[in-house]
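Here the structure is a predicted model, which means the values were calculated and not measured. Just so you know, residue 1 is the first one in the sequence shown, and it goes up from there.
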Amino acid sequence: MSDSISYHIPVLLKQSIDGLAIKPDGTYVDVTFGGGGHSREILNRLGENGRLYAFDQDADALNNTIDDPRFTLIHQNFKYLKQYLRFYGVSEVDGVLGDFGVSSHQFDVAERGFSTRFEGALDMRMNQQSELTAQQVVNEYDEAALTRIFSLYGELKNARAIARAIIAFRQHTPIRLGSTLQEAVRAFLPKFKENKVLAQIYQSIRIEVNAEMEVLESFLLQLPAVVKVGGRISLISYHSLEDRCVKRFIRDGQMEGAPEKDWYGNVSVPFKKVGGLILPDEAEIAINNRARSAKLRIAERIND
């Protein structure tokens, strides 16, 4: 297995790229480059006149860049999708792929602080140049702010109690390491469910550090202006917040309120779903455990 593929094993690879219905001379975007697995498969299906632009804010991903004249890697957060495509002279594309969440590489590097499996400093920044870290969240946020992120992003019923426990603990011991955070919340880790609850706590902090939901919503709302009529979006999410956001955008064309209607009262949305929800099979999960929570949704641009 090559270093770039082991960096991040591509999830739902065939299904997600099939969903884009690649045109050999088309222009495509992979907004979550990572190890480049999805990008390489897109390039395999493009002709010599096809183009692929990829985004990744993580400096580590730059080591996986692809030497191909049809390929451009943009070292930026995909919330700047429209801005950077215009910088490169691209007004519309034939398809966009997004594989959200944390890469295998980010989980597996202890010092990045993403995983409950390793000891390491609480960092959790996808962009290592960002200012906010997980340490700051757990040591500086007040009770209301911590309660909000544990409830909203972790969907934890005892969010306030966990927040209070962290605040009480940090008064005598700064929470700088993953093991210290686990000690602070140990009373809320039920037997046989420790890893599940701890993962929810880590997920909450990570989403806050990286503003993941705000970034996702901003990205989705740019898609109608970026994807040409007949173009496709192929989006892989990993937790219920992401998936609900993607599902609602495809259904309603927006995040809040009722979908827009035309003069005749007909619902007017920019995309229509293609097929149903796609999940990984047992064989893929056996090879790549990260795929177990993946959900793929595909949609086609229908309204100009």
Side-chain angles (χ1 to χ4, degrees), residues 1-20 22 26-48 50-81 83-85 87-88 90 93-115 117-118 120 123-130 206 209-210 212 215-216 219 233-238 242 280 284 287-291 293-294 296:
M1 184 178 291
S2 71
D3 290 342
S4 62
I5 299 302
S6 61
Y7 174 106
H8 178 74
I9 302 170
V11 173
L12 291 166
L13 178 61
K14 183 179 186 302
Q15 299 94 319
S16 61
I17 307 304
D18 284 350
L20 289 175
I22 300 285
T27 300
Y28 294 86
V29 184
D30 176 356
V31 297
T32 47
F33 178 69
H38 289 105
S39 282
R40 284 179 171 81
E41 182 59 28
I42 292 172
L43 287 168
N44 286 341
R45 303 189 189 194
L46 287 176
E48 62 179 18
R51 288 289 297 163
L52 174 62
Y53 296 86
F55 285 72
D56 206 300
Q57 63 181 330
D58 191 336
D60 288 355
L62 301 180
N63 297 323
N64 303 320
T65 191
I66 302 168
D67 184 12
D68 189 310
R70 303 169 298 169
F71 177 75
T72 300
L73 178 55
I74 300 167
H75 182 209
Q76 287 291 341
N77 189 305
F78 59 78
K79 69 181 178 182
Y80 301 116
L81 173 66
Q83 176 182 334
Y84 274 89
L85 287 180
F87 175 80
Y88 284 97
V90 179
V93 301
D94 295 281
V96 176
L97 179 135
D99 178 12
F100 309 120
V102 184
S103 74
S104 305
H105 169 78
Q106 289 166 332
F107 269 129
D108 290 342
V109 176
E111 56 265 30
R112 300 295 294 273
F114 284 103
S115 177
R117 294 179 291 132
F118 307 115
D123 189 315
M124 300 194 193
R125 291 174 297 173
M126 292 179 180
N127 178 353
Q128 292 159 295
Q129 302 305 311
S130 297
R206 188 201 80 222
V209 166
N210 297 287
E212 291 178 39
V215 167
L216 177 60
F219 158 73
I233 56 175
S234 187
L235 307 175
I236 304 169
S237 56
Y238 292 88
E242 284 177 340
E284 178 171 3
I287 295 170
N288 181 12
N289 186 55
R290 181 177 178 268
S293 56
L296 169 63

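With a 4.5 Å cut-off on side-chain heavy atoms, L62 and D56 do not count as touching. The closest side-chain heavy-atom distance from S39 to I66 is below 4.5 Å. Between L97 and I17 there is a side-chain heavy-atom pair separated by less than 4.5 Å. With a 4.5 Å cut-off on side-chain heavy atoms, V209 and R125 count as touching.
Annotation for H38 and I236: closest pair NE2-CD1, 4.0 Å, computed over non-hydrogen atoms. Between P280 and A294 the shortest heavy-atom distance is CD-O, 3.3 Å. Here the closest non-hydrogen pair linking V90 and V93 is CG1-CG1, 3.6 Å. Of all non-hydrogen atoms in L235 and V96, the two that sit nearest each other are CD2-O, 4.5 Å. Closest non-hydrogen pair, S234 versus L296, comes out as OG-CD1, 3.3 Å.
Within the model, atoms OG1 of T72 and CG of L52 stand 8.0 Å from one another, a figure rounded to the nearest 0.5 Å. Between H75 atom NE2 and T65 atom OG1 the span is 11.5 Å, to the nearest 0.5 Å. In this structure, E242 CD and E212 CD are separated by 6.5 Å, a value rounded to the nearest 0.5 Å. To the nearest 0.5 angstrom, N44 atom CG is 9.5 Å from D68 atom CG.
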Kindly indicate, with the supporting measurements, whether the criterion side-chain contact (heavy atoms from CB on, under 4.5 Å) is fulfilled by Q128 and D123. CA-CA 9 Å; Q128 292 159 295; D123 189 315; 5.8 Å; no
Test side-chain contact (heavy atoms from CB on, under 4.5 Å) on I74 and Y80; report intermediate values, then the result. CA-CA 10 Å; I74 300 167; Y80 301 116; over 6 Å; no
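Under the ring-ring contact (aromatic ring centres under 6.0 Å, His included) criterion, F55 pairs with no residue at all, not counting sequence neighbours. Residues forming a ring-ring contact (aromatic ring centres under 6.0 Å, His included) with F71 (at least two apart in sequence, or on another chain): F33. Residues passing the side-chain contact (heavy atoms from CB on, under 4.5 Å) test with S293, sequence neighbours excluded: Y238. With sequence neighbours left out, the salt bridge (Lys or Arg N to Asp or Glu O under 4.0 Å) criterion links R45 to D18, E41. Legend: residues meeting side chain to side chain donor-acceptor pair (under 3.5 Å) with Q57, ordered by chain and number and at least two apart, are N77. Checked against side chain to side chain donor-acceptor pair (under 3.5 Å), Y84 has the following partners two or more places apart in sequence or in another chain: Q76.
Proximity of a side-chain donor or acceptor of D94 to a complementary backbone N or O of T27 within less than 3.5 Å is detected. Without hydrogens or angle criteria, D30 side chain to G36 main chain gives no donor-acceptor distance under 3.5 Å. Proximity of a side-chain donor or acceptor of R51 to a complementary backbone N or O of R70 within less than 3.5 Å is detected.
Taking the six-membered ring for Trp and thresholds of 30 and 60 degrees, F78 and F219 have ring planes more than 60 degrees apart, a perpendicular arrangement.
Within 6.0 Å of the CD atom in E48, the count of heavy atoms belonging to other residues, nucleotides or ligands does not exceed 12.
Aromatic pair Y53/F87: centroids not less than 6.0 angstrom apart.
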